[in-house]
Amino acid sequence: MASLSLHLSSLHHTSTTPLILRTTTALNLRTSTYKPFSIKSQSAPVLSQDDLKKLAADKAVESVKSGMVLGLGTGSTAAFVVDKLGQLLSTGELSNIIGIPTSKRTQEQAASLNIPLTTLDSHPHIDLAIDGADEVDPNLDLVKGRGGALLREKMVEAASSAFIVVADDRMATSVIIAGKTGVEVMTK
Ligand SMILES: O=C[C@H](O)[C@H](O)[C@H](O)COP(=O)(O)O
């Protein structure tokens with residue numbers, strides 16, 4: 001496996017976390033004597049967007065403790081969070097959690113994974129909500145709701161003591177763009 005480690009600070013990034021680049025195509029490098037050489041890795045696959053979402057979702061779920069009341073977000077990223085919660089419940093690594101879903105989609109997914117569910121009426125105080133976002137700016141201002149679940153997300157996330165936003169690099173923006181967000185029609 002070939003890997004190249006460099007610091008994000010050299011890429012005008014504030015983090016000093018090492019960035020590991022893996023490539024399946026030849027990577028041409030020059031030594032100080034300008035003798036070119038190449039590294040080709042066949043064994044380290046490039047991570048897909050879904051792989052990155054899953055990694056970030058798994059990291060967020062590390063903050064979940066047994067016994068918590070959880071706000072369950074909506075969208076493709078939040079779905080990885082719900083998947084992970086279901087997995088940890090099934091192995092017994094988490095117990096006694098109860099979720100409040102922010103959409104019918106999330107409710108169905110959580111139910112299919114045997115995650116116990118409740119409502120804001122029954123549990124008006126939520127320990128932790130985890131959700132995705134459509135845009136994130138450097139001040140951590142967010143655009144949410146383009147997946148059509150804004151109202152319930154706002155209600156659940158406003159009732160939470162803590163809120164973790166799981167967002168991949170596609171969501172990072174220097175300025176929030178006022179794009180279209182749907183108007184929801186809520187039914188019972
Ligand atoms: O209404 C939907 C939510 O705000 C989602 O969290 C947001 O749209 C991001 O969705 P995704 O994780 O699919 O990119």
Side-chain angles (χ1 to χ4, degrees), residues 8 13 15 17 19 45-65 68-89 94 97-121 123-188:
L8 285 174
H13 196 286
S15 170
T17 309
L19 173 69
V46 174
L47 294 177
S48 69
Q49 208 70 48
D50 274 355
D51 294 331
L52 294 170
K53 285 181 188 181
K54 185 175 181 325
L55 283 172
D58 289 355
K59 185 71 190 166
V61 172
E62 287 177 14
S63 298
V64 175
K65 308 278 178 261
M68 278 185 164
V69 179
L70 295 173
L72 305 177
T74 292
S76 56
T77 313
F80 285 112
V81 172
V82 176
D83 267 347
K84 185 70 180 179
L85 290 171
Q87 181 197 322
L88 294 177
L89 273 176
L94 276 179
I97 62 168
I98 190 161
I100 303 183
T102 52
S103 65
K104 190 161 182 286
R105 264 173 288 163
T106 301
Q107 181 179 335
E108 289 171 353
Q109 183 195 5
S112 75
L113 296 167
N114 299 316
I115 298 174
L117 296 176
T118 184
T119 62
L120 260 185
D121 284 341
H123 288 81
H125 172 76
I126 299 173
D127 297 304
L128 171 65
I130 308 178
D131 203 349
D134 297 293
E135 292 182 38
V136 183
D137 80 4
N139 298 320
L140 300 184
D141 293 321
L142 307 176
V143 172
K144 289 192 48 58
R146 290 196 190 133
L150 182 58
L151 178 60
R152 284 176 67 179
E153 287 177 348
K154 272 190 146 177
M155 291 167 68
V156 165
E157 285 147 21
S160 299
S161 297
F163 178 32
I164 297 179
V165 178
V166 186
D168 62 67
D169 58 354
R170 288 171 312 145
M171 312 306 184
T173 178
S174 53
V175 179
I176 293 285
I177 308 293
K180 290 179 186 166
T181 299
V183 175
E184 292 167 74
V185 177
M186 300 296 291
T187 56
K188 274 195 170 182

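Numbering of ligands and ligand atoms starts at 1, following listing order.
Listed by chain and residue number, the protein contacts of ligand 1 are T74, G75, S76, T77, D131, G132, A133, D134, K144, G145, R146, G147, G148, A149, E153, M171 (heavy atom within 4.0 angstrom).
Screening L85, L94, L70 against I115 for a side chain to side chain contact (heavy atoms under 4.5 Å, CB included) leaves a single residue, L85.
Separation of atoms CG (D127) and NE2 (H125) is listed at 4.5 Å; rounding is to 0.5 Å. The line from CG of L72 to CD1 of I130 is 8.0 Å long, rounded to the nearest 0.5 Å.
In this structure the side chain of L128 reaches within 4.5 angstrom of the side chain of I164, judged on heavy atoms.
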**OP:** Start with the C-alpha gap between V143 and D137, add the side-chain angles, then the distance that decides, and say whether side-chain contact (heavy atoms from CB on, under 4.5 Å) holds.
**Re:** CA-CA 9 Å; V143 172; D137 80 4; over 6 Å; no
**OP:** Begin from the C-alpha positions of K54 and D58 and carry the test salt bridge (charged side-chain N to carboxylate O under 4.0 Å, His left out) through to its verdict.
**Re:** CA-CA 6 Å; K54 185 175 181 325; D58 289 355; 3.0 Å; yes
